[in-house]
Structures are given as C-alpha cells and as structure tokens.
Amino acid sequence: MELIDGKAVAARVLEECRVQIEELTAAGKRPGLAVVLVGDDPASRAYVRNKERTCAQLGLHSLKLELPATTPQKELLDVVRSLNEDPAIHGILVQSPLPDHIDEAAIVRSIDPAKDVDGFHPENVAKLALEDPGGFVPCTPLGCQRLLGEYGIETKGANVVIVGRSMIVGKPMALLLMAKGPLGDATVTVAHSRTKDLATVCHGADILIAAVGRPHFLGSDHVREGAVVIDVGVNRVDDATAKRGYRLVGDVDFDAVADRCRAITPVPGGVGPMTIAMLMSNTIKACRQTDR
Ligand code: GUN
C-alpha cells in the first residue's frame with residue numbers, strides 16, 4: 001500500500017505558486033483573493049483561517065470579509081458587487097454553507113465568472129462540461145485529479161466510482177475524469193445515498209473517490225483488492241482524548257481498507273491540503289486571464 005501524501009504534493013504546488021506570484025508581483029500585477037465568511041460555523045472559520053495563512057505565506061494579496069450570520073442577502077450581494085469591481089481582487093470565494101435565509105445560488109450567480117475561483121458559477125460549470133480550458137474547476141476535484149497524476153495513477157480507461165453527487169465535489173469530479181485527454185478518459189460511475197447495492201458498485205472501482213461527508217461510511221466491503229482510494233471526507237468525530245475534543249476522520253474506514261489498497265489518501269493530510277493549493281493556483285490563473 002502506498003500512502004498518497006497530499007501535504008507533500010500541496011507543498012510543491014504552493015512553491016510553484018509562490019514563484020509565479022513573485023513574478024507577477026514584480027511585473028506590477030499581484031494576484032489578490034477575497035474570502036467572504038458569513039456567520040461563525042467553526043469548520044468554515046478553520047478553512048478561512050487556513051486560506052488566509054496560505055495567502056500570507058505566498059505573498060498573495062488577501063482580503064478577508066467576516067459578516068454576521070444575520071447579514072441580509074442584499075447586503076451580501078452588494079459586497080460581492082464591490083469585489084467584482086475591485087481591480088486588486090482577481091478571485092472571490094464566498095465560503096459555503098451560507099445561513100438559511102440566503103439564496104446561495106443567487107450569490108454564486110452574482111460573482112463575476114472571471115473571478116469565480118471556486119468554479120461554482122453556472123458559466124464555469126458549463127465550461128467544465130464543455131471541456132473549455134478557460135473556465136475555473138472547483139478546487140477539491142482539481143486537487144484529487146492532481147494527486148492521481150502525481151502518483152502516476154492511470155485514469156484512461158479506468159473504472160472510477162465517485163460516491164457523492166455534490167456540486168462542490170462529486171459532479172465536477174465526474175466531469176473532470178470523464179473529459180478527454182491526460183488525467184481523464186475514465187469510465188465514471190456516480191453513486192450516492194440512494195444507490196442500490198452500493199458495496200457491489202464500489203467493488204467495481206479501480207479508483208474509488210469518497211465524497212459523502214459521513215464518517216467511515218465506506219469500509220472493507222466497498223474496496224476491492226488493489227484499488228486506489230481517494231477520501232475527500234473531513235468529518236469531526238468526538239474524541240475525549242484529543243486536544244480539541246474531536247478528531248478528523250474520512251468517509252472511508254482507513255484502518256479497515258488500507259492493507260488491500262494499491263494507494264490511499266489519509267485524513268487529514270490527503271485531499272485537504274490540495275484544495276487550498278488549487279485555490280491559490282486558480283487565483284493565479286484568474287490574475288493572468290485578466291488585463292487588470
Ligand atoms: N465549503 C466547503 N468547501 C468549499 C469550497 O471549496 N468553496 C467554498 N466556497 N465553500 C466551501
């Protein structure tokens with residue numbers, strides 16, 4: 001079994017980003033990222049803190065906007081509008097989930113597609129489906145694909161089973177891996193909570209990608225000998241022995257399946273660090289693609 005070290009790959013990607021940011025900054029065009037956080041969901045806070053820290057390490061201009069959970073939708077739309085017009089900002093990320101009174105789809109549609117480094121805007125979703133390389137691809141699936149590439153895991157002709165059909169991970173992951181070309185050309189099955197006989201479906205996977213958001217949802221019944229497992233889950237489970245009172249576990253029961261895998265990502269230290277690295281990379285792309 002090979003452990004897929006997302007932390008190490010992310011460090012390499014971030015180093016490439018740092019050099020590119022340095023060059024762009026020297027040329028008078030420093031990439032800028034705005035992160036908007038509404039409310040105080042603890043997991044979202046942790047993600048946003050992490051993004052800010054990474055921006056600082058890389059020399060990327062970053063703007064963090066923290067708004068109360070009671071922020072009216074109109075106010076949030078105004079915030080996005082002003083970021084759309086800000087020439088120092090090339091990427092805009094509105095942290096999901098948003099409070100219930102806010103229409104998340106309306107917020108996403110209000111982001112300038114050229115600054116939509118999350119790749120959630122309908123225009124970018126369409127570009128991904130159309131295999132137009134000029135669009136933005138959501139960071140987590142992009143990070144998973146990069147991990148497969150870095151570890152020389154062939155996707156061409158491979159049976160990939162993705163468990164989870166979210167707009168953030170499952171759907172874009174499927175589009176990426178079924179696209180024509182290197183790191184694509186896979187035969188993709190998307191399974192989800194209503195899938196009949198999930199274990200049998202998963203057993204057909206050369207590459208199994210878990211993105212359901214349920215701790216240890218997939219176990220030894222779901223993983224065949226020699227499969228590659230990419231675990232996107234980041235679930236907090238109570239643990240009285242842990243410093244914070246919880247620990248992070250994936251959607252896959254790592255201990256139960258690791259021995260039979262050809263390669264597997266750990267949680268933490270697998271997909272997680274790649275998501276932020278790809279966000280930085282998308283922000284650089286956004287900066288390069290604009291003349292401001
Ligand atoms: N919440 C969890 N993952 C993401 C992400 O990739 N982008 C945004 N905006 N919110 C998230």
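Sequential numbering from 1 along the given sequence is applied to the chain's residues. Note that the structure is a prediction, hence the values are computed from the model and not measured. What you see below is based on every heavy atom in this structure, not just the backbone, and it leaves out hydrogens, waters and symmetry mates. We count ligands from 1, going down the list as the structure has it; atoms in each ligand are counted the same way.
Near Leu93, meaning under 4.0 Å from one of its heavy atoms, ligand 1 places the atoms 9 (N).
The side-chain heavy atoms of Leu148 and Leu177, taken from C-beta on, include a pair separated by under 4.5 Å.
Of the polar atoms of Val94, at least one N or O is found under 3.5 Å from an N or O of ligand 1, judged by distance alone.
Salt bridge annotation for Arg18-Glu16: absent, with no cationic side-chain nitrogen under 4.0 angstrom from a carboxylate oxygen.
Regarding atom 6 (O) of ligand 1, its nearest protein heavy-atom neighbour is Asp118 OD1, 3.6 Å. Annotation: atom 10 (N) of ligand 1 to nearest protein heavy atom, Ser96 N, 2.9 Å. Annotation: atom 2 (C) of ligand 1 to nearest protein heavy atom, Gln95 NE2, 3.9 Å.
Of all non-hydrogen atoms in Pro31 and Thr25, the two that sit nearest each other are CD-OG1, 4.2 Å.
Note on Val13: it does not cluster hydrophobically with Val19, by side-chain heavy-atom contacts below 4.5 Å among ILVMFWY residues.
Within the 4.0 Å heavy-atom criterion, neither part of Leu279 lies near ligand 1.
Annotation: cation-pi pair Lys127/Phe136 absent, no NZ/CZ under 6.0 Å from the ring centroid and within 45° of its normal.
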